[in-house]
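Letters A, B, ... are given to chains in the order of the sequence lines, protein chains preceding strands, and every chain is numbered from 1. What you see below is based on every heavy atom in this structure, not just the backbone, and it leaves out hydrogens, waters and symmetry mates.
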Number of protein chains: 2
Amino acid sequence: MPAAPGRPLEFDPDTALTAAMHLFWRKGYENSSMLDLLEAMQISKSSLYQAFGGKQALFERCMTRYGDLMIGQLHDALASAHSGLGFIRQFLESVLDEARGVCEARGCLVMNTANEFARRDPAIAEAVAQGLRRFHGVMLAAVRRAQIEGDIPPDRDAVMLANYLVSSMSGLKTLSKAGADEASLKGTIALVLKALT
Amino acid sequence: MPAAPGRPLEFDPDTALTAAMHLFWRKGYENSSMLDLLEAMQISKSSLYQAFGGKQALFERCMTRYGDLMIGQLHDALASAHSGLGFIRQFLESVLDEARGVCEARGCLVMNTANEFARRDPAIAEAVAQGLRRFHGVMLAAVRRAQIEGDIPPDRDAVMLANYLVSSMSGLKTLSKAGADEASLKGTIALVLKALT
DNA sequence: GGTTAAGTGGACCAAACGGTCCACATTGGT
DNA sequence: ACCAATGTGGACCGTTTGGTCCACTTAACC
């Protein structure tokens with residue numbers, strides 16, 4: 001594509017979008033003020049409105065971006081995992097990092113958003129639903145692989161098990177945010193895994 | 001206690017507090033404005049500040065009130081349930097009402113608060129932790145009763161199972177808020193129950 | 001009935017909110 | 001060199017936020 005006339009952007013939209021995503025992830029939608037966003041994204045208000053349209057439009061793009069990043073990451077992790085079940089275990093155990101304080105307990109943007117908005121806004125509800133579907137897809141692939149590998153009985157309903165995993169992960173993240181200790185989380189993870197076989 | 005001098009209150013603090021609790025429950029802390037609260041509680045701003053001190057103080061009292069009501073309700077339900085396992089099933093299945101649209105999907109105040117605040121505010125983090133402990137206590141009693149009644153093997157770690165139930169319930173509520181269909185929730189509930197035996 | 005203690009309504013406040021607008025800067029095309 | 005097109009910084013906007021203050025009302029007590 002030929003270079004467009006006019007002054008070029010002084011920032012990388014991708015980088016800025018990612019920065020906004022991290023802010024929303026950490027603090028939620030309402031709690032991330034315009035000032036916070038500008039500071040995190042390192043752009044001026046005009047640029048934000050010009051490039052992203054506004055706070056809510058920006059947020060919706062962040063949701064998509066989050067899904068892209070996370071699903072890609074999970075897909076890679078699944079592809080390089082020793083086994084489907086190993087991937088699932090690793091996935092569940094990732095909440096322990098939050099509990100141990102290795103990283104901030106910010107949960108999952110999709111679930112956080114589901115909790116913050118319930119279904120007040122249709123556009124955001126749809127973004128949440130899509131995020132959920134994508135996560136479910138990864139879990140489904142993992143379960144099916146584990147069934148092929150003989151770690152999960154083939155007669156179990158893979159779709160339901162995937163639902164169960166998404167739900168369980170959400171519960172674990174919330175518990176972690178609520179300040180549950182590591183032992184409780186570990187015990188719960190063990191029970192979740194046990195339910196798969 | 002002798003009647004205090006001065007003008008008497010024109011509202012019932014208990015009723016007002018409960019109304020505030022329901023608002024916070026439905027809309028969260030940040031999303032409930034002072035105006036919303038005054039309207040819901042049917043009192044003037046002066047009265048609110050006089051009687052409850054401010055928004056956050058009011059919220060903390062609402063958290064306690066929520067715990068009192070819920071734990072009382074659950075305790076009664078457990079006492080009058082046919083079996084410990086029956087109570088647990090009934091408890092988990094209560095999310096289906098939200099999914100069916102029978103009532104609004106507002107989740108659980110304690111878990112909602114955990115998600116909204118993570119551990120930003122120490123006082124609120126403590127309120128969340130206490131709410132969690134109380135819920136865990138009820139679940140623990142239910143599990144132990146189910147063990148006595150032979151529905152859950154006596155060698156299972158009751159404390160961990162109670163943790164697992166709290167986590168699972170939280171996950172179900174979030175999924176419900178995210179717009180999951182009834183069949184998914186039912187399937188997940190079945191898997192949760194299966195993990196207990 | 002006057003005095004005192006308490007409650008209430010509404011005006012008022014500074015700060016923060018998301019959003020708009022415009023003068024100016026910076027580029028490519030001619 | 002000039003022009004058209006685009007980006008940027010900052011002033012500015014009305015609204016809403018949680019919170020304070022005070023004049024006024026209402027009751028109990030002596």
Polar side-chain contact A/Lys45-D/dG9 base: donor and acceptor under 3.5 Å | no

Rounded to whole Å, the CD1-C1' distance (A/Ile43 to D/dG10) equals 15 Å

Under a 4.0 Å threshold between the charged nitrogen and the carboxylate oxygen, would A/Arg119 count as salt-bridged to B/Glu104?
no

### Query
When all nucleic acid strands are considered with a 4.0 Å heavy-atom cut-off, which category describes A/Ser44: base, sugar-phosphate, or nothing?
base

Between CG of A/Asp12 and P of D/dT8 the distance, given in whole Å, is 12 Å

B/Leu38 CG to C/dG10 P, in whole Å, measures 12 Å

Separation of C/dG18 atom C1' from A/Asn31 atom CG, nearest Å, is 15 Å

Here the distance between atom C1' of C/dG10 and atom CE of B/Met34, to the nearest Å, is 15 Å

Rounded to whole Å, the CD-P distance (B/Gln56 to D/dT17) equals 18 Å

task: May I ask you to decide whether A/Arg145 forms a salt bridge with A/Asp151, counting only side-chain N to carboxylate O separations under 4.0 Å?
output: no

note: A/Met41, atom CE; D/dG9, atom C1'; distance rounded to Å ~ 16 Å

Residues at least two apart in sequence or cross-chain that pass salt bridge (Lys or Arg N to Asp or Glu O under 4.0 Å) with B/Lys55, listed by chain then number, are none

_Using OP1 and OP2 only, check whether a side-chain N or O of A/Ser33 sits under 4.0 Å from C/dA16._
no

Does one side chain, of B/Asp97 or B/Ser94, offer a donor that lies under 3.5 Å from an acceptor on the other?
-> no

For residues 18-39 of chain A, the ring-ring contact (aromatic ring centres under 6.0 Å, His included) pairs (sequence neighbours left out) are A/His22-A/Trp25, A/Phe24-A/Tyr29, A/Phe24-A/Phe59, A/Trp25-A/Tyr66, A/Tyr29-A/Phe59, A/Tyr29-A/Phe117

Whole-Å distance, B/Asp36 CG to D/dG18 P, equals 8 Å

Which of D/dG19, C/dC17, C/dT8 is nearest the side chain of B/Ser46? It is C/dT8

Out of C/dT8, D/dT8, C/dT20, minimum distance to the side chain of A/Tyr49 belongs to C/dT20

Of the candidates D/dT6, D/dG9, C/dT8, the side chain of A/Gln50 sits closest to D/dT6

